[in-house]
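Encoded as C-alpha coordinates, the structure appears first; notes follow it.
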Amino acid sequence: LWAFAHGELDEFDVALDRMALTLRLSLSPYPYDEPKACADLLAQSYAREYGMSVAVARPANLYGPGHLNFSAIVPDAIRCALSDRVRVLRGDGQSRRDYLFVGDLVDGCLRLLDSDFVGPVNFGTGAPSSVLDVVEAVRVATEKDLRVAPRDPVPQRGERRPAAVEIRDQWLDSIVA
(Lines give C-alpha, C1' and ligand atoms only; values in the text may rest on other atoms or scores of the structure.)
Protein backbone atom coordinates (compact mmCIF):
# COMPACT_ATOMS: atom_id res chain seq x y z
CA LEU A 1 0.00 0.00 0.00
CA TRP A 2 1.20 3.49 -0.79
CA ALA A 3 -0.15 6.84 0.38
CA PHE A 4 0.45 10.39 -0.76
CA ALA A 5 0.14 13.13 1.81
CA HIS A 6 0.58 16.54 0.27
CA GLY A 7 2.26 19.03 2.53
CA GLU A 8 4.50 21.74 1.20
CA LEU A 9 7.73 22.82 2.80
CA ASP A 10 6.39 25.69 4.89
CA GLU A 11 3.77 23.48 6.50
CA PHE A 12 6.30 21.93 8.85
CA ASP A 13 6.73 23.60 12.21
CA VAL A 14 10.30 24.49 13.12
CA ALA A 15 11.79 26.69 15.81
CA LEU A 16 14.90 27.99 14.05
CA ASP A 17 15.34 30.97 11.74
CA ARG A 18 17.51 29.15 9.21
CA MET A 19 17.67 25.44 8.64
CA ALA A 20 17.16 22.52 6.34
CA LEU A 21 13.97 20.72 7.22
CA THR A 22 14.37 17.06 8.04
CA LEU A 23 11.94 14.17 8.31
CA ARG A 24 11.96 14.34 12.10
CA LEU A 25 10.30 17.74 12.55
CA SER A 26 6.78 18.16 13.87
CA LEU A 27 3.95 19.28 11.64
CA SER A 28 2.48 22.77 11.73
CA PRO A 29 -0.57 23.78 13.81
CA TYR A 30 -1.93 26.34 11.30
CA PRO A 31 -5.49 25.76 9.92
CA TYR A 32 -4.35 25.80 6.28
CA ASP A 33 -1.84 23.10 7.07
CA GLU A 34 -4.00 20.82 9.23
CA PRO A 35 -5.56 18.65 6.47
CA LYS A 36 -2.11 17.95 5.03
CA ALA A 37 -0.65 17.18 8.43
CA CYS A 38 -3.67 14.99 9.20
CA ALA A 39 -3.24 12.94 6.00
CA ASP A 40 0.45 12.49 6.78
CA LEU A 41 -0.16 11.40 10.36
CA LEU A 42 -3.15 9.22 9.45
CA ALA A 43 -1.13 7.31 6.85
CA GLN A 44 1.69 6.78 9.33
CA SER A 45 -0.73 5.69 12.08
CA TYR A 46 -2.30 3.06 9.77
CA ALA A 47 1.20 1.82 9.00
CA ARG A 48 2.00 1.43 12.69
CA GLU A 49 -1.39 0.10 13.83
CA TYR A 50 -2.07 -2.37 11.02
CA GLY A 51 1.45 -3.17 9.85
CA MET A 52 0.82 -1.59 6.46
CA SER A 53 3.64 -0.57 4.13
CA VAL A 54 3.09 3.14 3.62
CA ALA A 55 5.27 5.78 1.98
CA VAL A 56 4.39 9.43 2.58
CA ALA A 57 5.52 12.04 0.04
CA ARG A 58 6.29 15.49 1.44
CA PRO A 59 7.03 17.93 -1.41
CA ALA A 60 8.67 21.33 -1.31
CA ASN A 61 6.80 24.40 -2.57
CA LEU A 62 5.36 23.27 -5.89
CA TYR A 63 5.01 25.23 -9.11
CA GLY A 64 4.00 24.33 -12.64
CA PRO A 65 1.17 24.19 -15.16
CA GLY A 66 -2.30 24.58 -13.71
CA HIS A 67 -1.08 26.14 -10.45
CA LEU A 68 -3.65 28.88 -9.96
CA ASN A 69 -3.23 29.58 -6.26
CA PHE A 70 -2.35 33.24 -6.59
CA SER A 71 -1.32 33.56 -2.96
CA ALA A 72 1.78 31.57 -4.00
CA ILE A 73 4.74 33.49 -5.39
CA VAL A 74 5.28 31.68 -8.72
CA PRO A 75 1.78 31.76 -10.23
CA ASP A 76 1.05 35.24 -8.92
CA ALA A 77 4.37 36.66 -10.15
CA ILE A 78 3.60 35.25 -13.61
CA ARG A 79 0.07 36.66 -13.52
CA CYS A 80 1.33 40.07 -12.39
CA ALA A 81 4.05 40.15 -15.07
CA LEU A 82 1.62 39.24 -17.85
CA SER A 83 -1.02 41.74 -16.70
CA ASP A 84 1.40 44.58 -15.85
CA ARG A 85 0.40 44.53 -12.18
CA VAL A 86 2.62 45.12 -9.17
CA ARG A 87 3.43 41.96 -7.19
CA VAL A 88 3.16 42.74 -3.49
CA LEU A 89 5.85 40.79 -1.65
CA ARG A 90 5.40 39.00 1.61
CA GLY A 91 8.27 40.49 3.57
CA ASP A 92 11.38 41.99 1.97
CA GLY A 93 11.87 39.34 -0.73
CA GLN A 94 15.00 37.92 0.87
CA SER A 95 13.33 34.82 2.36
CA ARG A 96 14.51 31.64 0.69
CA ARG A 97 12.47 28.55 -0.05
CA ASP A 98 12.88 25.26 -1.85
CA TYR A 99 10.76 25.26 -5.04
CA LEU A 100 10.00 22.04 -6.89
CA PHE A 101 8.53 21.68 -10.38
CA VAL A 102 5.39 19.54 -10.21
CA GLY A 103 6.70 17.24 -12.98
CA ASP A 104 9.73 16.42 -10.84
CA LEU A 105 7.41 15.51 -7.98
CA VAL A 106 5.43 13.23 -10.30
CA ASP A 107 8.66 11.52 -11.41
CA GLY A 108 9.72 11.10 -7.78
CA CYS A 109 6.36 9.66 -6.75
CA LEU A 110 6.40 7.20 -9.65
CA ARG A 111 9.85 6.04 -8.57
CA LEU A 112 8.62 5.78 -5.00
CA LEU A 113 5.68 3.65 -6.17
CA ASP A 114 8.09 1.28 -7.91
CA SER A 115 10.26 0.96 -4.80
CA ASP A 116 9.89 -0.94 -1.55
CA PHE A 117 10.51 2.18 0.51
CA VAL A 118 8.33 2.69 3.59
CA GLY A 119 8.03 5.93 5.57
CA PRO A 120 8.02 9.66 4.90
CA VAL A 121 10.09 11.11 2.04
CA ASN A 122 10.88 14.77 1.45
CA PHE A 123 10.87 15.83 -2.21
CA GLY A 124 12.83 18.99 -2.90
CA THR A 125 15.90 20.37 -4.60
CA GLY A 126 17.87 21.25 -1.49
CA ALA A 127 18.79 24.49 -3.28
CA PRO A 128 16.67 27.34 -1.91
CA SER A 129 15.92 30.48 -3.93
CA SER A 130 14.92 33.87 -2.57
CA VAL A 131 11.60 35.44 -3.50
CA LEU A 132 13.57 38.07 -5.43
CA ASP A 133 15.35 35.25 -7.34
CA VAL A 134 11.91 33.91 -8.31
CA VAL A 135 10.81 37.38 -9.39
CA GLU A 136 13.91 37.71 -11.57
CA ALA A 137 13.34 34.28 -13.12
CA VAL A 138 9.77 35.32 -13.99
CA ARG A 139 11.06 38.57 -15.50
CA VAL A 140 13.46 36.62 -17.71
CA ALA A 141 10.92 33.94 -18.68
CA THR A 142 8.14 36.41 -19.52
CA GLU A 143 10.39 39.17 -20.87
CA LYS A 144 8.24 41.58 -18.84
CA ASP A 145 9.20 44.23 -16.32
CA LEU A 146 7.67 42.65 -13.23
CA ARG A 147 7.39 45.33 -10.57
CA VAL A 148 7.35 44.43 -6.88
CA ALA A 149 6.46 46.29 -3.68
CA PRO A 150 6.72 45.36 -0.01
CA ARG A 151 3.50 44.56 1.79
CA ASP A 152 2.22 46.41 4.82
CA PRO A 153 3.73 44.56 7.83
CA VAL A 154 0.36 44.62 9.63
CA PRO A 155 -1.27 41.19 9.19
CA GLN A 156 -4.24 41.23 6.83
CA ARG A 157 -7.58 39.63 7.68
CA GLY A 158 -7.61 35.99 6.64
CA GLU A 159 -3.85 35.87 6.32
CA ARG A 160 -2.72 32.38 7.20
CA ARG A 161 0.53 33.49 8.80
CA PRO A 162 1.97 37.00 9.07
CA ALA A 163 5.32 37.56 7.36
CA ALA A 164 6.85 38.48 10.71
CA VAL A 165 6.63 34.86 11.91
CA GLU A 166 7.81 33.25 8.68
CA ILE A 167 11.07 31.37 8.82
CA ARG A 168 13.56 33.41 6.78
CA ASP A 169 15.43 30.56 5.11
CA GLN A 170 14.17 27.01 4.79
CA TRP A 171 14.58 24.12 2.42
CA LEU A 172 14.15 20.38 2.43
CA ASP A 173 16.66 17.81 3.45
CA SER A 174 15.88 15.13 0.88
CA ILE A 175 18.25 12.57 2.35
CA VAL A 176 16.29 9.65 3.72
CA ALA A 177 17.19 8.92 7.33
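In terms of heavy-atom proximity, S130 sits nearest to G93 at CB-O, 3.7 Å. Taking all atoms of both residues into account, the shortest heavy-atom contact from L100 to A60 is CB-CB, 4.1 Å. Between V138 and T142, the shortest heavy-atom contact is O-OG1, 2.7 Å. Among all heavy-atom pairs drawn from A72 and P75, the shortest one is O-CD, 3.6 Å. The heavy-atom pair separating V118 from S53 by the smallest distance is CG2-CB, 3.8 Å. In terms of heavy atoms, D98 sits closest to G126 at OD2-N, 3.0 Å.
Residues P65 and F101 have side chains in contact (heavy-atom distance under 4.5 Å, counting atoms from C-beta outward). Residues D145 and R139 have side chains in contact (heavy-atom distance under 4.5 Å, counting atoms from C-beta outward).
Taken to the nearest 0.5 Å, the CG atom of D40 stands 4.0 Å off from the CZ atom of R58. For the atom pair D114 CG and C109 SG, the distance stands at 11.5 Å (nearest 0.5 Å). Annotation: the span from S129 atom OG to R97 atom CZ amounts to 11.5 Å, rounded to 0.5 Å.
Under a 3.5 Å cut-off, the side chain of R147 and the backbone N or O of D84 do form a donor-acceptor pair. For N61 (side chain) and Y99 (main-chain N/O), no donor-acceptor pair under 3.5 Å exists by modelled atom type.
With hydrophobic clusters built from ILVMFWY side chains whose heavy atoms lie under 4.5 angstrom apart, V135 does not share a cluster with V86. Side-chain heavy atoms closer than 4.5 Å link hydrophobic residues (I, L, V, M, F, W, Y) into clusters, and following such links, even through other members, never connects V74 to F70.
Only one option out of I78, L146, I73 pairs with V134 in a side-chain contact (heavy atoms from CB on, under 4.5 Å); it is I73.
A search for side-chain contact (heavy atoms from CB on, under 4.5 Å) contacts involving S115 returns L112, F117, not counting sequence neighbours.
By the 4.0 Å N-to-carboxylate-O rule, R79 lies close enough to D76 to be salt-bridged with it.
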